[in-house]
> 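This is the structure I want to talk about, given as structure tokens.
Count residues from 1 along the sequence. Only this structure's heavy atoms are used, side chains among them; waters, hydrogens and symmetry mates stay out.
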Amino acid sequence: MKKLIPITKNYIWGGHRLYDILRLNGSGNSAVAEKIAEAWICSFNADGENFTESGERIGFACPKPTWGKACEAFNEFPALIKLIDSDDNLSVQVHPTDEFAKRHEGMMGKSEMWYVVDCAEGAGIYLGFKRNTNRQECLRAVEDGSILDLLNYIPIKKGESYFVPAGTVHAIGAGCLLVEIQQNSNTTFRLFDYCRMDDQGNRRELHLEQALSVLDFSQYTPIRFDDCLARCEYFTVKKKDGAHTVFNDSSYTAVTVTDGFGMVSGRVAQCGDCFFVNAGERVDISGNITVLETTTDCIAAD
């Protein structure tokens with residue numbers, strides 16, 4: 001088992017809660033500032049690779065044989081786990097399917113899920129279209145600034161989760177503290193960004209043609225799972241409370257603490273901590289604690 005050190009990212013919509021979380025649990029890196037948008041807490045991605053507490057790069061400390069047989073067909077680690085703190089609305093965006101992203105971007109697509117760690121009163125998310133629409137109507141709404149009127153707005157509560165498959169328009173609203181578990185990809189097409197400026201005074205780039213090419217324009221229908229919070233080819237996520245044992249013979253398990261205080265194999269664990277458990281390794285969790293356990297239980301397609 002390896003405890004991972006977060007990599008922090010800041011964007012114009014970031015908040016201050018992650019600074020407090022990372023400071024209190026003694027993790028972070030030299031890039032930590034008071035305002036943090038994202039903490040990448042289990043990342044093999046070249047844009048932000050984690051290190052372990054002992055200073056080893058994650059790819060060296062957790063090589064492919066430790067991922068388990070369920071990951072044998074993947075060339076790269078299949079998942080990426082983040083903490084997200086939104087002090088302002090994120091852009092309205094969409095992620096492509098693998099097929100589109102490979103063909104046009106030379107990268108993987110991106111499905112993801114969100115788990116609500118905490119939220120301000122009245123906070124919410126935009127997820128999918130509230131009714132069937134089409135490319136022309138969507139483009140007009142982007143151009144005249146009324147795009148939010150087409151989107152399905154969902155007030156959120158602590159402990160809820162939402163699956164966001166590739167092709168689904170979405171935006172995280174202000175006041176959300178989330179765990180995001182996603183494919184190991186940064187492929188994002190920005191559809192609308194409230195005419196905001198970057199640090200240099202320029203409007204942030206939009207990707208209208210790509211976004212309109214991959215959007216699912218049908219009315220949003222929530223996707224629920226009987227035995228887990230989310231499942232796709234790249235990750236399965238389950239929520240566990242209190243004392244239990246982590247063991248998966250065919251897959252790694254990434255243990256993310258979302259609430260409470262406890263011990264993970266004798267190590268102190270609290271909100272924001274993430275532990276990488278090798279496939280076939282047994283780890284005991286104790287205490288008044290809530291964790292998300294991410295595995296890859298589906299064999300990758302050739």
> Could you check D87, D118, D85 and say which one makes a side-chain hydrogen bond (donor to acceptor under 3.5 Å, both in side chains) with R17?
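Result for side-chain hydrogen bond (donor to acceptor under 3.5 Å, both in side chains) with R17: D85.
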> Is there a donor-acceptor pair under 3.5 Å between the side chain of S111 and the backbone N or O of A166?
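Checking the backbone N and O of A166 against the side chain of S111, a donor-acceptor pair under 3.5 Å is found.
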> Does any part of the side chain of F192, heavy atoms only, come nearer than 4.5 Å to the side chain of Q93, both counted from C-beta?
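Contact flag for Q93/F192 side chains = no.
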> Are Y153 and Y126 an aromatic pair by the rule of ring centers under 6.0 Å?
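For Y153 and Y126, the ring centres are under 6.0 Å apart.
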> Is R224 positioned over the aromatic face of Y162, cation under 6.0 angstrom from the ring centre and no more than 45 degrees off axis?
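R224 over Y162 ring: yes.
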> Would one find more than 12 heavy atoms of other residues, nucleotides or ligands at under 6.0 Å from atom CD of E137?
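Above 12, so yes.
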> Do V179 and L292 have side-chain heavy atoms sitting under 4.5 Å apart?
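Counting from C-beta outward, V179 and L292 do come under 4.5 Å.
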> Can a donor-acceptor pair be found, under 3.5 Å and without considering hydrogens, that links the side chain of E105 to the backbone of K102?
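It does not hold such a pair.
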> So, the side chain of D273 versus the backbone of Q270: is there a donor-acceptor pair under 3.5 Å, distance only?
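Yes, the answer is positive, given that a donor and an acceptor are paired below the 3.5 Å cut-off.
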> Please check if any side-chain donor atom of S218 sits under 3.5 Å from a side-chain acceptor atom of D216, or the reverse.
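A pair is found: one side chain offers a donor N or O, the other an acceptor, under 3.5 Å apart.
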> For the pair N89 (side chain) and A174 (backbone), establish whether a donor and an acceptor sit closer than 3.5 Å, ignoring hydrogens and angles.
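Checked: pair present.
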> Verify whether the ring centers belonging to W13 and Y194 lie closer than 6.0 Å.
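Ring centroids of W13 and Y194 are no less than 6.0 Å from each other.
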> Within the side chain of H95, is there an N or O that forms a donor-acceptor pair under 3.5 Å with the backbone of G167?
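No, because the side chain of H95 does not come within donor-acceptor range (under 3.5 Å) of the backbone of G167.
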> So, are D88 and R196 salt-bridged, with charged N and O less than 4.0 Å apart?
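Between R196 and D88 there is a salt bridge, with a charged N closer than 4.0 Å to a carboxylate O.
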> Of T256, D241, D259, which meets side-chain hydrogen bond (donor to acceptor under 3.5 Å, both in side chains) against T290?
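Only match with T290 under side-chain hydrogen bond (donor to acceptor under 3.5 Å, both in side chains): D241.
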> Could you check whether K64 pairs with E72 (Lys NZ or Arg NE/NH1/NH2 to Asp/Glu carboxylate O, under 4.0 Å)?
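Salt bridge absent between K64 and E72.
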> Between T168, V94, N134, T133, which is the residue that forms a side chain to side chain contact (heavy atoms under 4.5 Å, CB included) with L215?
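So the option named by the test is V94.
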> Quick check for you: to the nearest 0.5 Å, what is the distance between K110 atom NZ and N186 atom CG?
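Between atom NZ of K110 and atom CG of N186 there are 6.5 Å.
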> Looking only at non-hydrogen atoms, find the nearest pair between S161 and L229 and report the distance.
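The pair with the smallest heavy-atom distance is OG-CD2, 3.6 Å.
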> Just checking R204: does its CZ atom have more than 12 heavy atoms from other residues, nucleotides or ligands closer to it than 6.0 angstrom?
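Count over threshold, so yes.
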> Quick one: does N278's side chain have a donor or acceptor within less than 3.5 Å of a partner on E281's backbone?
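No, N278 side chain to E281 backbone: no donor-acceptor pair under 3.5 Å.
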> Linking I/L/V/M/F/W/Y whenever their side-chain heavy atoms sit closer than 4.5 Å, directly or via other members, would Y11 and I81 fall into one cluster?
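As far as the 4.5 Å side-chain criterion goes, I81 and Y11 are not connected within one cluster.
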> Under a 3.5 Å distance rule, please check whether D98 uses its side chain to pair with a backbone N or O of G109 as donor and acceptor.
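Confirmed, D98 side chain pairs with G109 backbone.
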> With salt bridge (Lys or Arg N to Asp or Glu O under 4.0 Å) as the test, would you mind laying out the steps for E293 and K240 before giving the verdict?
CA-CA 7 Å; E293 295 180 3; K240 300 285 185 68; 3.4 Å; yes
> Evaluate the side-chain proximity of S251 to T296: yes if any heavy-atom separation is below 4.5 Å, no if none is.
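Side chain of T296 against side chain of S251, heavy atoms only: contact under 4.5 Å found.
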> Kindly compute the distance separating CD (E38) from CD1 (I7), expressed to the nearest 0.5 Å.
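The distance works out to 12.5 Å.
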> Examine distances only and state if a side-chain atom of W67 and a backbone atom of C62 form a donor-acceptor pair shorter than 3.5 Å.
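Yes; at least one donor-acceptor contact below 3.5 Å.
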> If you round to the nearest 0.5 Å, how far is CG of L80 from OG of S185?
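Separation between the atoms: 9.0 Å.
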> Could you pull out the closest heavy-atom pair between A61 and T52, with the gap in Å?
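The answer is CB-CG2, 3.6 Å.
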> Is there a side chain to side chain contact (heavy atoms under 4.5 Å, CB included) between E112 and Q183 once you walk through the steps?
CA-CA 6 Å; E112 63 192 28; Q183 284 181 243; over 6 Å; no
> Measure from NZ or CZ of R282 to the centre of the six-membered ring of F247, then state whether that distance is under 6.0 Å and the direction lies within 45° of the axis.
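Here R282 passes the 6.0 Å and 45° test against F247.
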> Any side-chain heavy-atom pair from L191 and S91 closer than 4.5 angstrom?
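When only atoms from C-beta onward are counted, S91 and L191 do not touch, as no gap falls below 4.5 Å.
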> Where do P165 and F163 come nearest, in terms of heavy atoms and distance?
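Scanning both residues completely, I find the closest heavy atoms to be CD-O, 3.5 Å.
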> Looking at S146, is its backbone amide N or carbonyl O close enough to the side chain of D144 to form a donor-acceptor pair, meaning the two atoms are under 3.5 Å apart?
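It does hold such a pair.
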> How far does OG1 of T188 sit from CE of M107, to the nearest 0.5 angstrom?
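The OG1 atom of T188 sits 9.0 Å away from the CE atom of M107.
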> Any heavy-atom pair between the side chains of E53 and I5 that's under 4.5 Å?
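They are in side-chain contact.
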> Please walk me through it: do E209 and R135 pass salt bridge (Lys or Arg N to Asp or Glu O under 4.0 Å)?
CA-CA 10 Å; E209 184 55 40; R135 179 188 179 99; 2.9 Å; yes
> Less than 4.5 Å apart, side chain to side chain, heavy atoms only: is that true for V237 and Y115?
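Of all side-chain heavy-atom pairs linking Y115 with V237, none is under 4.5 Å.
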> Mind listing the closest non-hydrogen atom pair of E180 and I172 along with its distance?
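For E180 versus I172, the nearest heavy atoms are OE1-CD1, 4.4 Å.
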> What distance do R231 atom CZ and I223 atom CD1 have between them, rounded to the nearest 0.5 Å?
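Going from the CZ atom of R231 to the CD1 atom of I223 covers 13.0 Å.
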> Where do I21 and G272 come nearest, in terms of heavy atoms and distance?
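Residues I21 and G272, closest heavy atoms: CG2-CA, 4.0 Å.
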> Strictly below 4.0 Å, N to O, side chains only: are R57 and E49 in salt-bridge contact?
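Between E49 and R57 there is a salt bridge, with a charged N closer than 4.0 Å to a carboxylate O.
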> If we ignore hydrogens and angles and just use 3.5 Å, is the side chain of N184 paired with the main-chain N or O of F77 as donor and acceptor?
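Yes, the answer is positive, given that a donor and an acceptor are paired below the 3.5 Å cut-off.
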> Does the side chain of Q182 come under 3.5 Å of the side chain of K82 through a donor N or O and an acceptor N or O?
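Judged by distance alone, the side chains do pair up.
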> Should N152 and I154 count as side-chain neighbours, where that means a heavy-atom distance under 4.5 Å?
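Yes - at least one pair of side-chain heavy atoms lies under 4.5 Å apart.
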> Once rounded to the nearest 0.5 Å, what's the spacing between atom SG of C228 and atom NZ of K239?
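With rounding to 0.5 Å, SG (C228) is 13.5 Å from NZ (K239).
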> Do F275 and T253 touch side chain to side chain, with heavy atoms closer than 4.5 Å?
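They are not in side-chain contact.
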